[in-house]
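Reading through the structure tokens given below for one structure.
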Amino acid sequence: QVQLVESGGGLVQAGGSLRLSCAASGSIFSVSDMGWYRQAPGKGRELVAGITSGGTTNYADSVKGRFTISRDNAKNTVSLQMNVLKPEDTAVYYCNADLRITYYSAWARYWGQGTQVTVSS
């Protein structure tokens, strides 16, 4: 059984910073891409940032220059450093990981339970 557990959300004033972390645990053979999505009230889930196992990153245009994604392959963790936060960054943030639980199993995407980030103006 695989679990992704997020931490680090909370309430912050505009211009402030937060760091989100996510750890994948359980029966994991291999992890490929990892990333962060967010969902604001009344909106669909959108990609915030992604990172490959080799360290290649991609970001939504709205967070470029403000957010930084990183990962530790040895620990199966992914983090999101969020700086210069804006009220429009308010959302539930979800981490995800594409992984295999055995050598023979198919790749599957797993999700964390979500962590609330609220930015006050």
Side-chain angles (χ1 to χ4, degrees):
Q1 187 173 355
V2 175
Q3 280 190 316
L4 272 64
V5 179
E6 299 128 337
S7 60
L11 172 64
V12 65
Q13 288 188 329
S17 298
L18 281 175
R19 183 177 181 85
L20 305 182
S21 296
C22 173
S25 63
S27 178
I28 298 172
F29 175 78
S30 181
V31 181
S32 178
D33 298 346
M34 303 183 80
W36 290 91
Y37 282 69
R38 68 186 180 187
Q39 186 165 17
K43 295 187 177 181
R45 191 173 295 191
E46 64 172 357
L47 174 68
V48 177
I51 185 167
T52 68
S53 57
T56 300
T57 59
N58 64 289
Y59 296 92
D61 288 343
S62 59
V63 307
K64 282 180 181 176
R66 300 188 297 121
F67 291 10
T68 302
I69 189 170
S70 60
R71 65 187 284 173
D72 184 329
N73 290 337
K75 298 180 179 179
N76 290 332
T77 60
V78 61
S79 298
L80 186 69
Q81 177 66 42
M82 305 185 294
N83 298 327
V84 195
L85 282 160
K86 304 176 181 180
E88 51 263 43
D89 294 318
T90 295
V92 177
Y93 284 69
Y94 299 89
C95 71
N96 72 274
D98 296 336
L99 57 88
R100 292 188 291 174
I101 59 174
T102 72
Y103 177 81
Y104 299 101
S105 62
W107 291 97
R109 174 159 291 186
Y110 290 78
W111 294 90
Q113 79 284 357
T115 185
Q116 177 70 47
V117 171
T118 303
V119 184
S120 63
S121 56

(message) Does any part of the side chain of M34, heavy atoms only, come nearer than 4.5 Å to the side chain of L4, both counted from C-beta?
(response) no
(message) Using modelled atom types and a 3.5 Å cut-off, is there a donor and acceptor pairing between side-chain atoms of T56 and backbone atoms of T52?
(response) no
(message) Using a 3.5 Å distance criterion without hydrogens, assess whether the side chain of T90 forms a donor-acceptor pair with backbone atoms of V119.
(response) yes
(message) Could you check whether any side-chain heavy atom of Y37 comes within less than 4.5 Å of a side-chain heavy atom of L47, counting everything from C-beta outward?
(response) yes
(request) Quick one: do S79 and Q81 satisfy side chain to side chain donor-acceptor pair (under 3.5 Å)? Show the steps, please. (result) CA-CA 7 Å; S79 298; Q81 177 66 42; over 6 Å; no
(message) Measuring from atom OG of S25 to atom NZ of K75, what distance do you get when rounded to the nearest 0.5 angstrom?
(response) 14.0 Å
(message) Let me check something: do Y104 and F29 share a hydrophobic cluster, defined by ILVMFWY side-chain heavy atoms less than 4.5 Å apart, either directly or through other members?
(response) yes
(request) Identify whether the distance between the nearest side-chain nitrogen and carboxylate oxygen of D61 and K64 falls below 4.0 Å. (result) yes
(request) Could you tell me which non-hydrogen atom of A49 sits nearest to which non-hydrogen atom of L80, and how far apart they are? (result) CB-CD1, 4.1 Å
(request) Heavy atoms only: give me the nearest V48-F67 pair and the separation to one decimal. (result) CG1-CD2, 3.7 Å
(message) Tell me if a side-chain donor or acceptor on N73 pairs with a main-chain N or O of S53 at a distance below 3.5 Å.
(response) yes
(message) Minimum heavy-atom separation for D98 and R109, please, with both atom names.
(response) OD1-NE, 2.7 Å
(request) Return yes if some donor-acceptor pair links the side-chain N/O of E6 with the main-chain N/O of L20 below 3.5 Å, else return no. (result) no
(request) Would you check if M82 and V12 make a side-chain contact, meaning some heavy-atom pair closer than 4.5 Å? (result) no
(message) Given 3.5 Å as the limit, does a donor-acceptor pair link the side chain of Y94 with the main chain of Q39, or not?
(response) no
(request) Determine whether R71 and V31 make a side-chain contact, defined as any pair of heavy atoms from C-beta on separated by less than 4.5 Å. (result) yes
(request) State the CD-OG distance between Q13 and S121, to the nearest 0.5 angstrom. (result) 9.5 Å
(message) Could you walk me through whether D33 and W107 satisfy the side chain to side chain contact (heavy atoms under 4.5 Å, CB included) test, starting with their C-alpha distance in whole Å, then the side-chain angles of each, then the deciding distance to 0.1 Å, before giving a yes or no?
(response) CA-CA 10 Å; D33 298 346; W107 291 97; over 6 Å; no
(request) Find out whether S32 and R100 are in side-chain contact, i.e. whether some heavy atom of one side chain is under 4.5 Å from a heavy atom of the other. (result) no
(request) Return the minimal non-hydrogen interatomic distance between Q116 and V92, and the atom names on each side. (result) OE1-CG2, 3.3 Å
(message) For S17 versus N83, what's the shortest heavy-atom pair and its separation?
(response) OG-OD1, 2.9 Å
(request) Could you walk me through whether V63 and R38 pass the side chain to side chain contact (heavy atoms under 4.5 Å, CB included) test, one step at a time? (result) CA-CA 12 Å; V63 307; R38 68 186 180 187; 4.0 Å; yes
(request) Mind listing the closest non-hydrogen atom pair of D89 and R66 along with its distance? (result) OD2-NH1, 2.8 Å
